[in-house]
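Each chain gets a letter, A, B and so on, in the order its sequence line appears, and its residues count up from 1.
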2 protein chains.
Amino acid sequence: MLRTGQNSGKELADTERIAAHLACCPAFEAVAPDTLRDMLQRHHYHITSHDSGAIVAFRGDRYERLLVLLSGEVRTEMSSYGGKQYTVAEYTAPCLLAPAILFGKDNRLPVSVIATRPIELLRLPRAAVLALCRTEEAFLAAYLGDISTRLGVLADKLRLSRFATIRERLADYLLDQYHLQGSSTLQLPHSRRTQAEILGATRPALSRVLSELAEAGVVNYDRDYVQILDLEALAGLVDSLD
Amino acid sequence: MLRTGQNSGKELADTERIAAHLACCPAFEAVAPDTLRDMLQRHHYHITSHDSGAIVAFRGDRYERLLVLLSGEVRTEMSSYGGKQYTVAEYTAPCLLAPAILFGKDNRLPVSVIATRPIELLRLPRAAVLALCRTEEAFLAAYLGDISTRLGVLADKLRLSRFATIRERLADYLLDQYHLQGSSTLQLPHSRRTQAEILGATRPALSRVLSELAEAGVVNYDRDYVQILDLEALAGLVDSLD
DNA sequence: TCCAGTTCGTAACATATGATACCGAAGTGA
DNA sequence: TCACTTCGGTATCATATGTTACGAACTGGA
């Protein structure tokens, strides 16, 4: 479903709703509500909704408008000719999608964007974003900061990809979850297949490594439940990467 | 050698020289010369020189000033605990270094920066860059465009790292050189060891793969000389990644 | 409750790549 | 010219991970 915003009564209601979403969105949250509404009224935006599982954008597509995830969740992934998927990142609304790519000379998406829940997207013209960058210093700084964080994440993924074994990557993932969940008893939010896609491995290989960690007494697990038994051993696996 | 610029006679001569370098530098070239000189006089910059082989910045260092490569060449790399090097990119002056990282909340360099020739660096305060972004739309667009290109390169590196065999990565490298040198007779600009670091492999493994390509009649080679015999076969190796 | 489809663990085998070592060739500087 | 260092090729063996397949367990809808 595609909705376009430009100065009609129904769209004014949209504008209010979108502005409310943007008030919590990285970069946009730094802008006064009036300025956000003004921006939305001045530029020709689209709203689209997508079902869970929908491929919102393909790797290689031209990226001419900033996508802002208003609701739901997406993951970005690369896939290989042979059908292997590699999950690069996951995003929860509200957030920006591919903020840096918007400004490339050859601005083709380096990843595909897949909805992992039903989502709603705001599609903003590049000119709207550029104008905000120029007039709102806090927006500019936050926008650039957002890009910087993403670049850091990508670089980290590259480093792990190059230097880390599956075991080390799994240790990293489990430690992340440990810090997120604040407990050494974890309910993992991903299926084994999805975990494998995030870690850049195959499901049987991941199972093997998890099984080895269990045999070594580092963890205890059953399906999506993992109990960390030896936190130091796990941290040691990650530390050996630095 | 460290030189600092701020409003003295000798530094005015520096300012002219630096402005001349910046006139050819991505993003800065979009700014009028007067504006560049003005910016340099208003902000407290540093100039540093480094010998070939110098590690200018370490992965994990805080990155608080924009580094601009005024002369020479650098490479950026990640290294592993065990001493393996992975070359992420190479840059020739004049160019920006890590333009996105400057704005991160936790702005730590994801790579080390090594001079591969004697170099000269301009170190600009973040505020100087932000001010230019606000006042010079063309600078902002070009700066963001530069970041976008880097992110694309990094994403490509990640994709190749995840999905491509050494053979496919080598084919990609040779095709790049073919397009750069405009000939199927290549004089490779890197030693085998450095090639291996760029491709994310070990030297013996790279030698093996090159030898296999030669046996298959795809290339003919001796040391840094490579002749592409079957361009289609080489291109086919790369195409199978898309 | 039953059944079809999906997920997961595991095993066996295959493959790509790394580690190590050695040797000859090439380059460098005194 | 010679000694030393670096570079590059090659071989052998080791290791991590992928591929394929199968059976058990789980899930959701009729």
Side-chain angles (χ1 to χ4, degrees), chain A residues 52-53 78-87 116 159-173 186-216 219-226 237 240-241, chain B residues 52-53 78-86 116 160-174 186-216 219-227 237 240-241:
Chain A
S52 183
M78 294 173 174
S79 52
S80 77
Y81 194 71
K84 286 194 279 190
Q85 316 293 351
Y86 181 47
T87 297
T116 47
R159 189 171 61 89
L160 290 186
S161 180
R162 204 65 276 148
F163 296 134
T165 60
I166 299 176
R167 177 180 285 108
E168 287 156 349
R169 277 177 262 148
L170 176 58
D172 191 55
Y173 170 76
L186 308 175
Q187 185 92 18
L188 297 186
H190 302 103
S191 70
R192 196 75 79 234
R193 162 124 164 265
T194 301
Q195 285 162 26
E197 285 172 4
I198 289 169
L199 299 182
T202 58
R203 183 190 56 77
L206 179 58
S207 276
R208 172 169 44 211
V209 168
L210 190 51
S211 170
E212 286 166 6
L213 282 187
E215 271 171 37
V219 299
N220 195 27
Y221 75 100
D222 181 43
R223 291 222 150 211
D224 63 350
Y225 157 86
V226 172
L237 283 173
S240 67
L241 288 167
Chain B
S52 182
M78 295 172 173
S79 50
S80 76
Y81 195 71
K84 284 194 280 188
Q85 317 292 351
Y86 181 48
T116 47
L160 290 186
S161 180
R162 201 70 271 152
F163 295 135
T165 60
I166 299 176
R167 177 180 284 108
E168 285 155 350
R169 277 178 261 147
L170 177 57
D172 191 55
Y173 170 78
L174 292 177
L186 309 176
Q187 185 91 17
L188 298 185
H190 302 103
S191 70
R192 198 75 79 236
R193 165 128 160 262
T194 301
Q195 284 161 29
E197 287 171 4
I198 291 169
L199 298 183
T202 58
R203 182 189 58 78
L206 180 59
S207 275
R208 171 169 47 215
V209 169
L210 190 51
S211 169
E212 286 165 6
L213 281 188
E215 270 170 39
V219 298
N220 195 26
Y221 74 100
D222 180 43
R223 291 221 148 207
D224 62 351
Y225 157 84
V226 173
Q227 184 179 21
L237 284 173
S240 69
L241 289 166

In whole Å, what is the span from the [atom1] atom of [X] to the [atom2] atom of [N]?
X: B/R193; N: C/dA25; atom1: CZ; atom2: C1'; value: 18 Å
X: A/Q195; N: D/dT17; atom1: CD; atom2: P; value: 16 Å
X: B/E212; N: D/dG9; atom1: CD; atom2: P; value: 13 Å
X: A/D224; N: D/dT27; atom1: CG; atom2: C1'; value: 13 Å
X: B/H190; N: D/dG8; atom1: NE2; atom2: P; value: 12 Å
X: B/R167; N: C/dT15; atom1: CZ; atom2: P; value: 13 Å
X: A/F163; N: D/dT17; atom1: CZ; atom2: P; value: 15 Å
X: B/Y225; N: C/dA25; atom1: OH; atom2: P; value: 21 Å

Using heavy-atom distances to pick each residue's nearest nucleotide on DNA chain C, tell me which of B/R169 and A/R223 is more 5'. A/R223
Quick one: does any side-chain atom of A/S52 pair with a main-chain N or O of A/T116 as donor and acceptor, under 3.5 Å? yes
Sequence neighbours left out, what passes ring-ring contact (aromatic ring centres under 6.0 Å, His included) with B/Y173? Give chain and number order. B/H190
What's the angle between the local helix axes at either end of the helix from C/dT1-D/dA30 to C/dA30-D/dT1, using five pairs per end and rounding to 10 degrees? 50°
DNA chain D contacts made by residues 197-211 of chain B, counting heavy atoms under 4.0 Å: B/R203, B/P204, B/S207, B/R208, B/S211
Using atom types as modelled, flag every donor-acceptor pair under 3.5 Å from a side chain in residues 198-214 of chain A to any protein atom, sequence neighbours excluded.
| residue | atom | partner | partner atom | Å |
| --- | --- | --- | --- | --- |
| A/T202 | OG1 | A/A205 | N | 3.4 |
| A/E212 | OE1 | A/R167 | NH2 | 2.5 |

Can you give me the closest heavy-atom contact between B/S161 and A/R162, atom names plus distance? OG-NH1, 3.0 Å
Any pair with a residue in residues 191-200 of chain B that passes salt bridge (charged side-chain N to carboxylate O under 4.0 Å, His left out), sequence neighbours left out, goes on the list, sorted by first then second residue, please. B/R193-B/E197
Would you compute the distance between atom CZ of B/R169 and atom CZ of B/F163 and round it to the nearest 0.5 angstrom? 12.5 Å
N/O (side chain, B/R192) to phosphate O (OP1/OP2, D/dG9) under 4.0 Å: yes
Non-neighbouring partners of A/E168 that pass side chain to side chain donor-acceptor pair (under 3.5 Å), sequence neighbours left out: A/T165
Heavy-atom nearest nucleotide on DNA chain D taken for A/T165 and for A/D222; more 5' hit belongs to A/T165
